[in-house]
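Starting from 1, each residue takes its place in the sequence as its number.
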Amino acid sequence: LALGCPGILAVLGLEAAALGECELTRLLQDKLRYEMRLQYMKHNFPIGYTVPVQYEEVLRPSNITLLRQGKVSEAALRYLWFHVSSQAVLRIREVLPHKHPSWNYTQELCQLFDALGSEYSEYRQTDVEAAVADLVKLLHSAGVEGRRKAVRPKALLDNCLKVMRMLYQGPCEWDRA
C-alpha cells in the first residue's frame with residue numbers, strides 16, 4: 001500500500017523495537033527537533049496557516065494513553081503511530097509547491113518513514129487489534145473527506161514527536177535529554 005511518498009508500506013512493528021527501528025526513530029527525532037519544526041512548519045508558512053486533515057490523522061499522547069488503558073499492544077500502537085505520522089507528512093506535502101522552503105525537509109521526513117516502513121514490511125494490518133486496524137482503514141479510505149479539521153503543520157509534527165517518544169524512548173533506550 002503506497003501512501004504517496006514512494007515506498008511507504010502498510011506495516012507493523014515488533015513487540016520489542018528492533019535495532020533498525022530504534023536507529024530510524026532516533027534519526028526522526030533529530031529531524032523533528034524543535035528548531036527545525038519551528039523553522040520549516042511555522043516560520044515558512046503564513047501566520048495561522050492550517051492543513052485540512054481527517055480527525056483520525058491527529059494522534060495525541062492522550063490517545064495513546066487511552067488505547068494503552070484499553071490493553072492495545074505496544075506493537076499495534078507503533079503501527080498506528082507510523083500510519084498517522086506518515087499520513088500527516090503527506091498532508092503537509094500536498095499543500096507545498098516543489099520550490100517551497102519546506103519541501104526538502106518534508107522529503108527527508110518521507111525518506112525516513114519509507115525506511116521505517118521497510119523495517120516492518122513483513123507484518124500485516126490483520127495482525128493488530130481491531131480498534132487500531134479500523135483507525136488505519138479510516139486513514140486510508142477516500143469516503144471520509146467530510147470528516148476534516150484544520151490543524152497547523154507544526155502541531156501535526158509536534159504530536160508526531162511526542163507520541164514517538166512515548167512509544168520508542170523506553171524500548172530504544174534513548175537518552176531522556
Side-chain angles (χ1 to χ4, degrees), residues 1-14 17-18 20-33 36-37 40-41 50-61 63-64 67 72 74-96 100 102-129 131-142 144-145 147-149 151-169 171-172:
L1 174 65
L3 302 178
C5 287
I8 291 183
L9 306 170
V11 295
L12 168 66
L14 300 170
E21 184 180 5
C22 287
E23 184 56 34
L24 288 167
T25 53
R26 190 173 290 114
L27 291 170
L28 265 170
Q29 180 178 235
D30 186 52
K31 277 286 174 207
L32 293 170
R33 286 189 327 264
M36 295 183 92
R37 293 191 324 271
Y40 293 112
M41 295 294 114
T50 59
V51 176
V53 298
Q54 297 176 53
Y55 279 90
E56 296 79 15
E57 291 174 315
V58 179
L59 185 63
R60 295 183 177 95
N63 302 121
I64 296 300
L67 288 167
V72 173
E74 291 298 303
L77 293 174
R78 288 194 296 269
Y79 176 82
L80 178 61
W81 169 83
F82 168 78
H83 279 280
V84 170
S85 298
S86 58
Q87 192 70 14
V89 172
L90 293 176
R91 290 291 181 202
I92 294 167
R93 284 180 61 85
E94 286 175 357
V95 301
L96 296 176
H100 191 277
S102 297
W103 179 263
N104 288 338
Y105 175 70
T106 58
Q107 180 63 33
E108 291 169 3
L109 291 174
C110 274
Q111 290 168 348
L112 287 170
F113 278 110
D114 286 347
L116 190 58
S118 297
E119 284 292 311
Y120 304 145
S121 60
E122 63 205 63
Y123 295 90
R124 296 179 314 276
Q125 184 171 323
T126 54
D127 295 333
V128 299
E129 287 88 342
V132 169
D134 290 345
L135 284 172
V136 171
K137 281 181 197 166
L138 273 174
L139 280 173
H140 301 299
S141 63
V144 292
E145 294 300 316
R147 297 178 36 101
R148 297 234 174 218
K149 66 190 287 183
V151 181
R152 290 188 171 96
K154 183 180 172 295
L156 288 171
L157 293 188
D158 290 348
N159 286 329
C160 171
L161 179 64
K162 288 174 190 172
V163 171
M164 182 179 69
R165 285 181 174 159
M166 284 180 76
L167 297 173
Y168 291 95
Q169 194 162 30
C172 291

- Hey, could you give me the CG/CG distance between Leu27 and Leu109, rounded to the nearest 0.5 Å? 11.5 Å

- For the student: nearest non-hydrogen atoms of Asn159 and Pro61, plus distance: OD1-CD, 4.3 Å

- For residues Val89 and Tyr105, determine if any side-chain heavy atom of one lies less than 4.5 Å from a side-chain heavy atom of the other. no

- Query: Between Arg152 and Thr50, does any side-chain donor sit less than 3.5 Å from a side-chain acceptor?
  - Reply: no

- Give the C-alpha distance, both sets of side-chain angles, the deciding distance and a yes or no for side-chain contact (heavy atoms from CB on, under 4.5 Å) between Phe113 and Ser118. CA-CA 9 Å; Phe113 278 110; Ser118 297; over 6 Å; no

- Does the side chain of Lys149 reach to within under 4.5 Å of the side chain of Glu57, using non-hydrogen atoms? no

- Message: For a 4.5 angstrom cut-off between non-hydrogen side-chain atoms, does Val53 reach Val151?
- Response: yes

- Message: Working note: Gln169 + Met164, criterion side-chain contact (heavy atoms from CB on, under 4.5 Å); need CA distance, chi angles, decisive distance, verdict.
- Response: CA-CA 8 Å; Gln169 194 162 30; Met164 182 179 69; over 6 Å; no

- Query: Does the cation-pi check pass for Arg148 over Tyr55, that is, NZ or CZ under 6.0 Å from the six-membered ring centre and within 45° of its axis?
  - Reply: no

- Message: Please enumerate all residues that pass salt bridge (Lys or Arg N to Asp or Glu O under 4.0 Å) together with Arg33, with sequence neighbours excluded.
- Response: Asp30, Glu35

- Message: Is the shortest side-chain heavy-atom distance between Met36 and Met41 below 4.5 Å?
- Response: no

- Message: Set out, in order, the CA-CA distance, both residues' side-chain angles and the distance that settles side-chain contact (heavy atoms from CB on, under 4.5 Å) for Ile64 and Val72, then state yes or no.
- Response: CA-CA 9 Å; Ile64 296 300; Val72 173; over 6 Å; no

- Can you tell me how far the CD atom of Glu23 sits from the SG atom of Cys172, to the nearest 0.5 Å? 9.5 Å

- Note, Leu90 side chain near Cys110 side chain (heavy atom, < 4.5 Å): yes

- Note on the structure: For Cys22 and Pro171, the nearest pair of non-hydrogen atoms, with its separation, is SG-O, 4.3 Å

- Between atom CD of Glu74 and atom CE of Met166, what is the distance when rounded to the nearest 0.5 Å? 8.5 Å

- What is the distance from atom CG of Leu116 to atom OG of Ser86, rounded to the nearest 0.5 Å? 9.0 Å

- Relative to the ring of Tyr168, is the ring of Trp81 parallel (under 30°), tilted (30 to 60°) or perpendicular (over 60°)? perpendicular

- List the steps and the verdict of side-chain contact (heavy atoms from CB on, under 4.5 Å) for Arg165 and Gln29. CA-CA 8 Å; Arg165 285 181 174 159; Gln29 180 178 235; 3.0 Å; yes

- Query: Considering only heavy atoms from C-beta outward, does the side chain of Leu167 approach that of Thr25 to under 4.5 Å?
  - Reply: no

- Item | Nearest-0.5 Å distance, CG of residue Leu67 to CG of residue Leu77 | 5.5 Å

- Heavy-atom check, side chain of Asn63 versus side chain of Val163, under 4.5 Å: no

- Query: Has the side chain of Arg37 got a donor or acceptor atom that lies under 3.5 Å from a matching backbone atom of Lys154?
  - Reply: no

- What closest approach, in Å, do Leu32 and Leu161 show between heavy atoms, and which atom pair accounts for it? O-CD2, 3.5 Å

- Message: Using every non-hydrogen atom in the two residues, find where Ile92 and Pro153 come nearest and quote the distance to one decimal.
- Response: CD1-O, 3.8 Å

- Message: How long is the straight-line distance from OH of Tyr40 back to CG of Leu157, given to the nearest 0.5 Å?
- Response: 12.5 Å

